[in-house]
Amino acid sequence: AKDELAAIVRKLEEELEKKLPLFPAPLLAEPKVAQGIEDLKRDLALPPEKRSEGVSKRLMNVLNLTSEAEKFQSTVHLRPELRKNAEGREFNMQVIYFGLACAYAVNDDGDFALVGRPTADGWKFEERKELAPQIQQLIAATTGDQDAAFVNLPLLKP
């Protein structure tokens, strides 16, 4: 039974590792998640003869990482981040993440904006300067600096 459980946990760990590029930077930076990923990678490096050791701890790690991803997925997160434009110029930006689905970013001056989506290679952000006013309005409504409002923004196709 222990060997069978170890095989199941190993499969869960391998599948979770494939999903890690879908985690946005703020989620990856959370201490609990960063530690869990470090433990996951260590466990995935175990030689075959040691894979049945610590199965319950490894299963709990998979469950904890999944739980943290689900918590992130269920809320909207506003984070300050440094982002670069195509010319390499760096901007202080407010980035609003809608769970694990998409993100919108705008600089303080409102003249540079990005739209982000998760991909198999990690999160990719594309410049969308024309959306800066709407994204500023969205962030102002999120922070309470402005009354709640409906803001129309495009969703990028995966």
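Heavy atoms only: backbone and side chains are in, while hydrogens, waters and symmetry mates are out. Residue indices begin at 1 and follow the sequence shown. Computed from a prediction, not measured in an experiment: that's the story for all the values here.
With hydrophobic clusters built from ILVMFWY side chains whose heavy atoms lie under 4.5 angstrom apart, F125 does not share a cluster with L131. L153 and V95 end up in different hydrophobic clusters when Ile, Leu, Val, Met, Phe, Trp and Tyr side chains are linked at under 4.5 Å. No single ILVMFWY cluster, assembled from side-chain heavy atoms under 4.5 Å apart, contains both F98 and W123. By the rule that hydrophobic residues join a cluster once side-chain heavy atoms approach within less than 4.5 Å of another member, F150 and L138 end up as members of separate clusters. Neither L46 nor V9 shares a network with the other; the hydrophobic side chains, linked directly or stepwise wherever heavy atoms of I, L, V, M, F, W or Y lie under 4.5 Å apart, form separate groups for each.
The stretch residues 50-65 participates, sequence neighbours left out, in these salt bridge (Lys or Arg N to Asp or Glu O under 4.0 Å) pairs: E13-R58. Sequence neighbours left out, the pairs with a member in residues 23-45 that pass side-chain hydrogen bond (donor to acceptor under 3.5 Å, both in side chains) are K32-E68, Q35-D39, D39-R42. For residues 46-74, the ring pair (Phe, Tyr, Trp, His ring centres under 6.0 Å) pairs, not counting sequence neighbours, are F72-H77. For residues 4-27, no pair satisfies ring pair (Phe, Tyr, Trp, His ring centres under 6.0 Å), with sequence neighbours left out.
How far CD of Q137 is from OG1 of T142: 10.5 Å, rounded to the nearest 0.5 Å. Rounding to the nearest 0.5 Å places CG of L114 at 10.5 Å from CZ of R128. Going from atom NZ of K71 over to atom CG of L27 covers 10.5 Å, rounded to the nearest 0.5 Å. A distance of 5.0 Å separates CD1 of I37 from CG of L28, quoted to the nearest 0.5 Å. With rounding to the nearest 0.5 angstrom, the CG atom of L65 is 6.5 Å from the CG atom of L40. Between atom CG of residue N152 and atom CD of residue Q134 there is a gap of 8.5 Å, rounded to the nearest 0.5 Å.
Taking a cutoff of 4.0 Å between a charged side-chain nitrogen and a carboxylate oxygen, K19 and E15 do not qualify as a salt bridge. Electrostatic pairing of E81 and R83 counts as a salt bridge here, judged by a charged N lying under 4.0 Å from a carboxylate O. Salt-bridge formation is not detected for the pair E4/K2: no Lys NZ or Arg NE/NH1/NH2 atom is positioned less than 4.0 Å from an Asp or Glu carboxylate oxygen.
Counting heavy atoms from C-beta outward, R79 and I96 have side chains that stay 4.5 Å or more apart. A heavy-atom distance below 4.5 Å is not found between the side chains of L100 and L22. Considering only heavy atoms from C-beta on, M93 comes within 4.5 Å of F112 through its side chain. A 4.5 Å side-chain heavy-atom check between N107 and N92 finds every atom pair outside the cut-off.
Listed for the T66 side chain is a donor-acceptor partner under 3.5 Å among the backbone atoms of V62.
Every residue meeting the side-chain contact (heavy atoms from CB on, under 4.5 Å) condition with D121, not counting sequence neighbours, appears here in chain and number order: T119, K124. The side-chain contact (heavy atoms from CB on, under 4.5 Å) search around D145 returns A140, T143, not counting sequence neighbours.
A149 and A141 get closest at one heavy-atom pair: N-CB, 4.4 Å.
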